[in-house]
Each structure stands twice: as C-alpha cells, then as structure tokens.
Q: 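Dropping the structure in here first, questions after.
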Amino acid sequence: MIHSLFLINCSGDIFLEKHWKSVVSQSVCDYFFEAQEKAADVENVPPVISTPHHYLISIYRDKLFFVSVIQTEVPPLFVIEFLHRVADTFQDYFGECSEAAIKDNVVIVYELLEEMLDNGFPLATESNILKELIKPPTILRSVVNSITGSSNVGDTLPTGQLSNIPWRRAGVKYTNNEAYFDVVEEIDAIIDKSGSTVFAEIQGVIDACIKLSGMPDLSLSFMNPRLLDDVSFHPCIRFKRWESERVLSFIPPDGNFRLISYRVSSQNLVAIPVYVKHNISFKENSSCGRFDITIGPKQNMGKTIEGITVTVHMPKVVLNMNLTPTQGSYTFDPVTKVLAWDVGKITPQKLPSLKGLVNLQSGAPKPEENPSLNIQFKIQQLAISGLKVNRLDMYGEKYKPFKGVKYVTKAGKFQVRT
Amino acid sequence: MSSNSFAYNEQSGGGEAAELGQEATSTIAPSGAFGLFSSDWKKNEDLKQMLESNKDSAKLDAMKRIVGMIAKGKNASELFPAVVKNVASKNIEIKKLVYVYLVRYAEEQQDLALLSISTFQRALKDPNQLIRASALRVLSSIRVPIIVPIMMLAIKEASADLSPYVRKNAAHAIQKLYSLDPEQKEMLIEVIEKLLKDKSTLVAGSVVMAFEEVCPDRIDLIHRNYRKLCNLLVDVEEWGQVVIIHMLTRYARTQFVSPWREDDGLEDNEKNFYESDDEEKEKSDKKRPYTMDPDHRLLIRNTKPLLQSRNAAVVMAVAQLYWHISPKSEAGVISKSLVRLLRSNREVQYIVLQNIATMSIQRKGMFEPYLKSFYVRSTDPTMIKTLKLEILTNLANEANISTLLREFQTYVKSQDKQFAAATIQTIGRCATSITEVTDTCLNGLVCLLSNRDEIVVAESVVVIKKLLQMQPAQHGEIIKHMAKLLDSITVPVARASILWLIGENCERVPKIAPDVLRKMAKSFTSEDDLVKLQILNLGAKLYLTNSKQTKLLTQYILNLGKYDQNYDIRDRTRFIRQLIVPNEKSGALSKYAKKIFLAQKPAPLLESPFKDRDHFQLGTLSHTLNIKASGYLELSNWPEVAPDPSVRNVEVIEPAKEWTPVGKSKNEKPAKKFYSESEEEEEEEEEEEESSDSSSDSESESGSGSGDTGSDSEDSSEDPSSGQESETGSEAEAEGKRVAKRNSRTKRTSNSEVGEKKNEKSKASESSSAESSSMEESSSGSESESESDEPAPKKVAQAKERKLQQERNPPPRDVFLLDLDDFNPVSTPVALPTPALSPSLIADLEGLNLSTSSSVINVNTPVFVPTKRHELLHRMSGKGLAAWYCFPRQPCVFGDKMVSVQITLNNTSDRKIENIHIGEKKLPVGMQMHVFHPIDSLEPEGSVTVSVGIDFCDSTQTACFQLCTKDDCFSVNIQPPVGELLLPVSMSEKDFKKERACPSALHLLSQPRLLFRIAAISIRCFVLRCD
C-alpha cells in the first residue's frame, strides 16, 4: 500500500523521508513540485497525482506537505486518512506539527512511523497505544533517560493492542477522577446580499476529556437525541445501544478525544445569531470605493456574542484601505489583500461598525463582484440546536467522578455575500 | 560520552541526540548547521567508534544520529558493519534503531545483513510476543533473496502462533515475501488460507490485505470465511475494514445475482429495516420473484453501521459497497454519510466529491435533498469549487433550476475567473439538458458577453456557439452581436468560435460575413493558429456561397496561408484551394465542396466529464485518476445465475474448543489433568501471563467484539441475578482478574441491557463466532491437537485419528464435561419432552443415547422470563396498528420445533381495524411458521394477544412476514435472540455423571448448584440446569 513518505516544507525542501518497502528515490517528488507549480496556490495542488511508475497522494497540513508514494491500486481516502492520522499523532506528541518540531524529534518520528505502518499497511494508529509503545518527549523524561539510560521505547506490547477496546490502555490511575464534555456546535451558513439565508446547517461535535481510573463504562444520554440527524462515532461507542435507545454507551479512551460528530437535521430552522449590514461599492472610473459594514445581534437567545472577527478577501485591484472601526481593530494586508477585523463582543447599545475608503489601482476596471465576508463568532453556554445532555452515568468503577458539560456555539463556514 | 562527538555537524539532525549527547559538552558546534555534510567520512569514523564503545548511551547516541541521516535521505550505508553488530543489543531502543537501519540498508549489503539473521531467528522464539512480532517484522523486511526459505519457515510458524498480534505480523510478512520472491506463491496461499480462518479481529484485516495482494483471484478461499468476515467486520480495526469491504464487494459481485431489477426492485420485508432512516424511499407495493441471498443481505446489513465511522475511508468503502451491490432503493442511505464527509479537510472533500459526481449522474435522486450542501463558498479551493459545480449541474432539473441559476449568477461574478468560466460552461450544460430554461440561459450568456472580464466573455462565446449550433436559424441577432465582439476580444478560442459561427451562418448574415472576412484578412498573420484555421474555413464557406464578393479576399487569404509557418495551416490551405477553386486538376470532388463545407453538423453533446467514470469501482485510485491504476481489480458483472450458495456453509464439525470450559474456572488443578499435551498447556498459560491477552483474546475468540455486549447480554438477559454466572460463560481460561472484569461488565450490562436482545448484530456475531470457532477447531486439529478438555486423556495420535473420522462423518458428538467436585443430588427425573426442542438440538440430544440409558432430562420452566417486549410494528408505520412481540419461553403448542412467540396487537387509531391476519411469509429456507387465527376486528384502544410458533431452524435468521389488515399489509420481521431458541433443562447429578461419561453433545459450563445457562445453539453447546 503506502510505499514511502516524504515530508516537504513550503519552500520545497524534502526534510524527511521514510520508506516501508524498498527505497524510492527523492526524484519522484519532482512530479509533485511540477503539479505544485501548476496549481499556483497550495490549496489547489491535486491530492492525487499520477506519475509514470508511481502515484503520489498528498495532504497539506500546517504548512507542510505529506507526500506518500503508492505503487498499486489503493483507495485514495485510505491514504489520505492515514496521513492525517500521522499529522494528528505528531501534533499530539510534539504539541505542533511543524517542520521544526519534526526535525527536533526526528528519532521519535521515525520510531512512530515504524510502528504506525508495516509494509505499508497501518499497524497501530491509536494514540493510546502509540503512547505506550513510544513515550512522548518531555523535558523531565529526557533528563531522566540520559541519567538512567532508560529509553522512550516500551518493551511490552500495549494491552490495548490485543483487546477489543484498543483505544484504552490498562491500569489508568488518577487521584481526581474527572470527565468533561464539550458540546461544540458550528453554524455553517451562506447569507445572501439581501440578508436572507441561502443555506444554513448546524454541525456539532462532542469532545471529551476523560481522566478516569480503571475501566469505566460510561453512558451519556440526551434530553433530545432526535435532534441528531447524522452521527459519526468514535469506535468506542456501542452502535447498537445508540440505535435502540439513543444513548451513547462507551468505555472511553484515556485523555482527550472526539466522541461524536453530528449534524442537526436539516428540517430544523437554523437560528442565525448575527446580522450584517453592508455597503461596499466601487465607483466607476475612480480610484476609490466605499466600505461600510455593521454587525448586530439577531437570534442570540439572550447570550452575548463574542470573539467576532470578520475576514474579507478583497479584490486584487484594491491597493489599500482606510477604515475606522468603532470597536476592535483591523488589519489589511496589501499583499494577500486580506482584511481582518477583530471585533470582540457585541453590545446591543452600540453596534460595532467599520467604515472608510478603499483605494483602488488607478486605471484598472472596477471589480465585478463585492467580496464576501467571512464571519467568526462564539457564544458560550449555548448549543444553538438546543441539544442538551441529560445525564452521564458510570458503571464498572466504584468512585464518584467529577462530571462537567460545556456548550459552545461557533460560526463554522459562515459567509455573507455582498 | 565521546569527547569528539561535538565535532559533528549533524547534531541537530536528531533533536533527541542533541539532548542526550550534549549536556556534558555544552560548547557544541553549530547546532543549526543542518546539512553541512562536508566531512561525512570523518564523522562516520567517529560514529563507528561510538558504536563500538561499550556504553549503551554512546551507542544510542550514535544510532540516533544515524537515523537522523537516514531520515534526511543521506547515505549511511558504509556504517553497516558497525551497526549490524548491535543487533543483539539488550537495550530495546538501540535494538529498534538498529532494526530501522537494517531494513533500510540490508538490500544494499546483503552479505553483511546475513550476520543478523540468527539474532532474529532466536528472537522468533522469544516468550515476549512483542519481540517475536518485531523480529518477524524486521526479518521479513530484509529484502535479501537468500533468506527466503528462512522467512517462509518463520511465517509458517508465526501463522500458528498463539498471539494474534504475531499472526497479524505474519500476514504482513506474507506480502513482503511475495514481493521478494513470487515463486513462493503457492506456499503463501496455503498460509493465507490458514490465516483466513483465524477469527481474531486483529488478524482479519491484515490477512485480507495479503489475500488481495497475493491471490485476489482465489475467491474460493473466501467462501467459507465469508460469513465470519461479515460478522467480524464491525470489530476489525478501521484500516482492515476498508480492505475487507473492498474485497467483499468484489466477492459479492461474483457470487450473488443482481438485485437491480429494471423497476428498481425492493425487497419488501427489508423495507422495514431501513425505513426509519430513509424517509424518501417510496413504498414498493409488489413483491418480486427475486429474493436476495441471505448472505448478500448479511453483508449489506453488517456494513451499515460502519457508515457512522469517523474514518472517511471506511465510510467511502461502505458507500461504494452499497452503490455496487445493494438494491438501488437502499443505496440512498449512503448519501447522508457522504455529505457529512464534506465537512472534512480538502483532500477528503476532493475524493468524496469526485465520487458523488459519478453517482449523481446515474441516480440524481440520491443527492437531490442535499443540493444546498454543494453550494460553493468563496473560500473553497478551485478544485473543490469545480467539483461542486459539476455535482450541481448533475442534480439540476426542472424543479430546482431556477434556484440553481440564481446561485450560478453569483458564481459567475466570482473573483476566481477559472471558476467563473467553469460556471458558464455549467450554465450551457443546464441549458441543453433542461429545455425550459434554454432561452433564459442563452439570454444570460449573451448578457455576459458585455462582461468586463475577457475570460468570462470568451467562455460565454464558446458556450453560446455550442448552444446556437443546437438550435440554428433563430439567432441572427446574437450572431451580429458576436461579430462586433471580434474587434475587442482577444482570446483565441473565442475568436475562433465566433468565426466558425459566422461561417456556419454566413447565409443568414450576408452583409456582415464578408466584412468580417475582410477584417480578418488584414490581421491574418498576427492571429493564433486556431483562429487562422477558422479564417480559412470562413473564407472557403463564403467563397462557396458568395463568391462574387469574396473571391479575391479568399484567394488572398489562401495565399497568406500557403506561406504560413505552421504546416497544419499550409496543409489546410492546400486542401481548401484544391477543393473550392475549380481548376483542371481538381476532380469530381470540387462539385461537392459546398456540401462538404456547409453540411449539417451534429450539435455537440455537452456532457459531464464524470460520465464515463462509473466503469471504475468507486472509491478507488483508478476512479480518482480516471485511468486504470496498476493492480486495479475489475468488478465483475453480476452472474446470470448465482453460483452454489452452499459453498459458504460452514459445517459444524464439533463443539468448538473456545466454548468449552477448560476447567480452570475455579480450580486449576483438576483442570490440568485434562490437558493431553502438557506442552501446549504451558504455552497457553504463559500466554495468559502476558497480561495483554487477558480479556481481549478470549473475548475475540468468543467471537464477540462489539460483542462485549454480544456475549454478555446473553448471560445477563437470561439471568441477571447470578453474578458468578459470567464464569460459566464461554471462556474458561478466565483468570481471576479477568473474571472480575467480566463480572463487572456483566453487571453493567445487566443493568442496561436486560432483555435487549433485539440486536441482530450481536447475535449474528455470536453465531458467526460459533462457526468460525468450529472452523478453527478443524484447522488447528492437524497442527496442534487441542482437545485439551477431553475427559480421559488420550494420546494425540489417537485423538487425531478420531478427529479425522469425525470429519468424515460428523455426527457422534463429544461431550466435554467438567470435573465436578461438589455435586448435590436432587431433581426428579422426568421423561424428556422433546417438544420445543429445535431439530438440531434434538439431534444433539439424541447423541445422549437417551433411549438406552435411564437418564432423564427435564425441561425446566423458565426461572426468568424477560418482560421486555420487542416492537414488531410501530403504530405510525402501521396506520394505527401497533404490534409487539415477546418470547414467553414456553414450549410451543404448535409443534416441537417451533419457538412460541406472543404477539400483542394494539389498535391506537380511532376506528376499528378489521381482519388482522398474517399475510405472505418470506421465510428463509427451512423455516416454518404457524400463524394465528385471523382477528375479525379490533376496537379502538383495544388490544389482543395472540401466539404464533416459528421454527427458526436453530438460527438467528429473521422471520419476515406480512401483518395484514383489511386494507393494508405491513412487512414485519422477528429475529430471535439466541437464548430464546433454547430450553432450560435439568437433570439429576447421577444422570449428569452418566452423561459425562459417555461422549455426546453436552457441555457443562460451570459448577454445580449454579444455574447453568445456555451458550449458543449453532455450536451445539448446551448447559444443563442442576438443581
């Protein structure tokens, strides 16, 4: 399956290579560079490239390209998903998935890659297992290791590897037993010029942070599980109980993980918490235009909307912008033409607005279309779909865990066309 | 620490190395000097010294640096001799790094690599399974042809290893060996065959991968493992799932007949199953002669939960499986999940959108409800935008076209001009496919001709040209308008299109055409080749229709063309001249010149680029690239007639050992004597000591998986009160700790899952485990005789012989009984009432020789009857009629072999429901059903309980039938939990002991005085109740 992996940074240096079968020369990446050049934008590099002898499947993550070399037919998603898992693991181990972090920990990276794949087929990708096989680097451990000569490599097979709950390691012990759940909902929406909703839907996830000793068996129930239309589960969840009782029953992995992600059924109308008044115009045959946007709260369920930022990709002809915000601060990058306005909180008494002039390249035709506004916001203590966790029960262990649920609503891909 | 270590430039190569190696000498040389490798050779000298030092820390340091070099792609091969010496290092980290090195360079240094082989051979015998596994892994990764026999031997041994982890590695090694030496194919296939029978979820994915790589055509190896694979699927790790699903898709296409009827056949009884999540599925009223093979259905049903996987590859794999093998009406369930994947990162989106694009061409309806999910955002990368656009086009129909066109209007204005151009093409396609909007689209496109952006205009011109070609004769105005554009537009394709259009319609615009030709003649030399060709064409056409005005012009152009730099144009010029200008040399052809040039040309078909992609299996690399990738396996067409389905039957040879109690449950000692081979016992014990096996192994062996609910629910649901009972369960190797764990789990499940037995999956997996375990039994029989629990120790050879015999003539079944030390004689013997025992049960009991012995078995009244009712028909879907069923656990009055089922009917509507009866039955082969008498009428709010008898044939197959009222028929199904197929029996201790002595089909799973519970039917395990 996966033959080799090359890590390539933004400037086109191959800074790490790993081969699981016989060695493939670095020159195979030339085809990739060629495609990259053609695509102009990193986002547009095709994930699957065919070369005379190999196929290259790549992902772009955190300013790095993970390019894998394939020789025979394989489901491309298989490889893509795996590469993302590799990147996730790096992120998990080193705190960031960057060139520097990987270079600093090249030995651990190599050990990880060796464990994750055998002959190109995934062997252990579960973070709980990997952490037992190869301990993540910490400052303390590296000091201890250098004194005692002990190593980062575990010498027994992780218990999870063989059980049918491979995601959990055995012998977990905590003094404070806690289980936290974050219900995070994102509103994806396209709002058209006139302010009416073209498309809106709610996507949610429940992220869990479980620090419980032993082998707890949890079940999480909702007040209104029918809201969840389409769900994808962490493998720990017992699908049958969900099917029959709409209860999430699972033996959790240790630590942080994503329990479920869901989509709220599209029948429900989505409440759009903010509205935007905008007036962007470019004058014909003149080198300036007007820019004026105001943001106000709409159906916000009585909560404050905070963390608002507005990002606008201005047309190429815009040279500079001269704006005054009533609140927050803005930046305009004349190279990428991105306007970013960090608004902060909305106070209904005084609606934040950003007004001013746009300088255009003189002589160039006025832009055809007004740029669309990408809006980010956050509402604490609210799940916009109305989803509510009913209760969390624990079986299998005697102690009383500390439980907590937090709700957040965010803007996902929230776009206002102007 | 070697003092000269800081002379290396490579310090920062391994951050770890830097940390370790440098704290003593903090005055290190340039740590940021990456890639300053000028003194490679010198450095290597130092590394050699470090590797030869006797301090582990120095060695480790050196190894880390070497790994750093490998990672950078630098050559470190000359260190081979120094490194390979450390292969036997005690330090596990050094060892691992040496392995990394070895695998990388062994191919180049074959002779030296051989030095390390003996170390691996030793390690293959290590008691630690991790070490065994990694030794096998490295050994098989060393690509040195000389060691092929050693590898082969190691693989064979490892494939019989007790640790599933080692067996998994053996499966991987198969592929490596195969790529190293394809000659070994036959032998490897044998190993694959053996490993395919493995019922560990850990092994399944890897061995199927090996199968796909080594012998994908040996579909016959799959037959007997098919059901097991289907049932294990949910519990296999996600990567294995992908591989297995793809393989099973291919398998299904060769083994089952097509479920696709011309009228989109839908099996009635299955509708209920999916109805809840698939609202848009319309009711199909008629039954068709086609019935789906139960195995086909099994695959479709068992893969459905995987649509909920977090792994996009798994979801896609299931989606393609549904697409390729499920009845068309059921494929709808996948669209929701695929649309969900669109939230993922751009690479996943790209692949998924491509697949949706292919699907949406063939079955629009599937994705229509999700139309808006494909709306384009300005922040999407261009490749995603164009794919979305493609899908939107495919989904366009009369109903949604106006919304779509409005949406397209926004896209046309996009700053991303490439995308805007694609949108224009899309509009063109919509215009041709939906005739209602052709004019609207055309008008819109004409408006775009005055767009400021040239690319947009050019694209519009091209599209308009195509549209006009389809409906000529009406659009003189547009052509005139376009002729004017020639002055301003510079994009060659657009200019060429306009010229062609004018040429085609030159008779309709007689005034403009010669003028255009005049202008073009002037600029001919500076035009693009594409345009030049069209100028020549235009000239020729005008010459033929209007030679008076254009003769000279055309000749001028032809002269220009004659001396053009491009040979294509020279060629064309020569050709046209001969054809249209009459001279003595030109033959008969010139008479037809007009017909040739101004022939009626067929309109171009605007088609989706994804149209022809569906001949590739979805979700594959070949599909993505639209070329056949190497190693792509074609999906065969459905066979006309299904091959013999019985090949998938797994005959149950004898009770599986995994289910038999090995008597360790409480007292180890008495158990030990049962082992005929002490060696094996040791091994088994040893394995148990390796903590890891504790729960997993036996769990998976009992075939559960998701099954911790599976097998437990059985225990608990049947009798939640007995905590100890878990001990009596299937696995007897249970050690204290494990038992405790299991107990706790049982408790938990008993809390939550009492009677929750409706879940087919768990049962399915149970029964499959049964099958698989028995298979395992038969296979392991030859290797290591494992009938450890034989009451009287026998010699191996003898046992083998007997076994062979059994294989030949299945019946006389063995009883494996426990040594019971404290037994309390009670119970009044009663004659065995055969009724209510299902046939195979009877067969088993016949083995007891009841007729000849005086022993008597008493069927008990159930101690515990679950009160849980299962829903048969929901009142919403039953138009007010609600039905529930439960198992009263009483002997069935309708027949011996039947299980009695009580059905409670409720009228929740506000009118009388009349003539409730059971309509058509769709029972699997062999199953029978005794129906209840039709109920004349049921008053509103009324309720009536009837009982029916169903002979499930000892299987957990679903009984499907129709519940009919006067007006309607509702398809319903009942699937029994395993436990309901059995009957509790009791016997006296005396009889019991007697039975124990004679070989037959009883399995005693626990201590006396406990309530014994029934395990599972299909493996013929029975539990007696001793009072």
Side-chain angles (χ1 to χ4, degrees), chain A residues 16-17 22 26 43-44 46-48 50 55 59 72-78 80-81 104-107 110-111 114 118-119 121-122 142 146 149 151 153 155-157 159 161-164 190 199 203 217 230-234 238-240 244 263 315 365 368-369 372 374 395-396 413 415 417, chain B residues 14-16 19-20 56-57 64 67-68 71 73 92-93 96 129-130 137 165 172 175-176 209 235 239 242 305 308 310-313 316 336 340 343 347-348 350-351 372 375 377-378 381-383 413 415 452 619-621 624-625 629-632 692 695-696 699-700 705 709 744 748 759 761:
Chain A
L16 187 119
E17 62 177 67
S22 49
Q26 284 197 353
E43 289 274 284
N44 273 323
V48 184
S50 169
Y55 306 98
I59 64 160
T72 53
E73 171 65 52
V74 61
L77 273 184
F78 184 98
I80 288 170
E81 190 74 29
D104 286 346
N105 297 292
V106 78
V107 174
Y110 238 68
E111 284 167 348
E114 189 73 33
D118 180 20
N119 195 37
F121 190 79
S142 58
S146 61
S151 72
V153 179
D155 58 352
T156 48
L157 190 60
T159 44
Q161 182 77 304
L162 285 175
S163 75
N164 53 357
I190 301 176
F199 163 78
Q203 304 267 3
D217 193 325
D230 182 37
V231 199
S232 82
F233 294 128
H234 189 275
R238 298 186 181 95
F239 183 71
K240 283 167 286 169
S244 57
R263 191 173 63 209
E368 192 67 32
E369 184 203 29
S372 49
N374 296 300
Y395 307 97
K413 296 172 179 168
Q415 200 160 80
R417 292 175 179 166
Chain B
E16 207 55 16
E19 275 174 303
L20 279 174
D56 271 359
S57 57
K64 285 185 170 173
V67 168
I92 192 140
E93 192 167 14
K96 280 209 162 176
Q129 51 179 337
L130 184 66
R137 226 164 101 195
Y165 184 68
H172 289 176
Q175 306 163 52
K176 298 183 210 168
M209 189 62 225
D235 304 314
W239 311 108
V242 179
Q308 250 69 49
R310 63 170 170 174
N311 188 322
M316 190 65 232
K336 197 191 277 183
R340 182 185 72 228
R343 278 278 292 181
E347 294 89 6
V348 173
Y350 175 72
I351 306 286
K372 289 191 171 178
Y375 279 8
R377 293 187 165 76
S378 60
T382 312
M383 59 178 185
K413 285 188 246 156
Q415 293 172 37
R452 205 174 281 110
T620 59
L621 187 62
T624 302
L625 294 167
S630 66
Y632 173 74
S692 44
S695 74
S696 58
E699 272 296 328
S700 63
T709 49
S744 71
R748 177 253 308 159
N759 297 327
K761 191 57 58 54

Q: What pairs with R343(B) under side chain to side chain donor-acceptor pair (under 3.5 Å), at least two apart in sequence or on another chain?
A: E186(A), D188(A)

Q: Checking Y350(B) against chain A: side chain, backbone, both or neither under 4.5 Å from a heavy atom?
A: side chain

Q: Between D230(A) and R340(B), is there a salt bridge with N-O shorter than 4.0 Å?
A: yes

Q: Please classify the contact of I80(A) with chain B as side chain, backbone, both or neither, using a heavy-atom distance under 4.5 Å.
A: side chain

Q: Can you tell me which portion of Y110(A) sits under 4.5 Å from chain B's heavy atoms? Options are side chain, backbone, both or neither.
A: side chain

Q: Measuring heavy-atom distances to chain A, does M383(B) have an atom under 4.5 Å in its side chain, in its backbone, in both, or in neither?
A: both

Q: Is there a side-chain contact between K176(B) and D118(A), using heavy atoms and a 4.5 Å cut-off?
A: yes

Q: Taking every heavy-atom pair that is under 4.5 Å apart, which of H234(A), E114(A), Q203(A) has the most such pairs with chain B?
A: Q203(A)

Q: Quick one: side chain to side chain donor-acceptor pair (under 3.5 Å) partners of E17(A), sequence neighbours excluded?
A: H19(A), Q26(A)

Q: Counting only heavy atoms closer than 4.5 Å, note whether V242(B) contacts chain A via side chain, backbone, both or neither.
A: side chain

Q: So which atom in A629(B) and which in E73(A) form the shortest heavy-atom distance, rounded to 0.1 Å?
A: CB-OE1, 3.7 Å

Q: What part of F233(A) is in contact with chain B, defined as an atom under 4.5 angstrom from a non-hydrogen atom: side chain, backbone, both or neither?
A: both

Q: Which residue out of N311(B), L621(B), I351(B) racks up the most heavy-atom pairs below 4.5 Å with chain A?
A: L621(B)

Q: Any side-chain heavy-atom pair from W239(B) and E81(A) closer than 4.5 angstrom?
A: yes

Q: Going from OG1 on T620(B) to CG on L77(A), what distance comes out if it is rounded to the nearest 0.5 angstrom?
A: 11.0 Å

Q: Does any N or O in the side chain of Q308(B) come within less than 3.5 Å of the main-chain N or O of V231(A), such that one atom is a donor and the other an acceptor?
A: yes

Q: Indicate the atoms forming the closest heavy-atom contact of T382(B) with N44(A), along with that distance.
A: N-OD1, 2.9 Å

Q: When only pairs under 4.5 Å are counted, which of P75(A), P76(A), P315(A), S372(A) shares the most heavy-atom pairs with chain B?
A: P76(A)

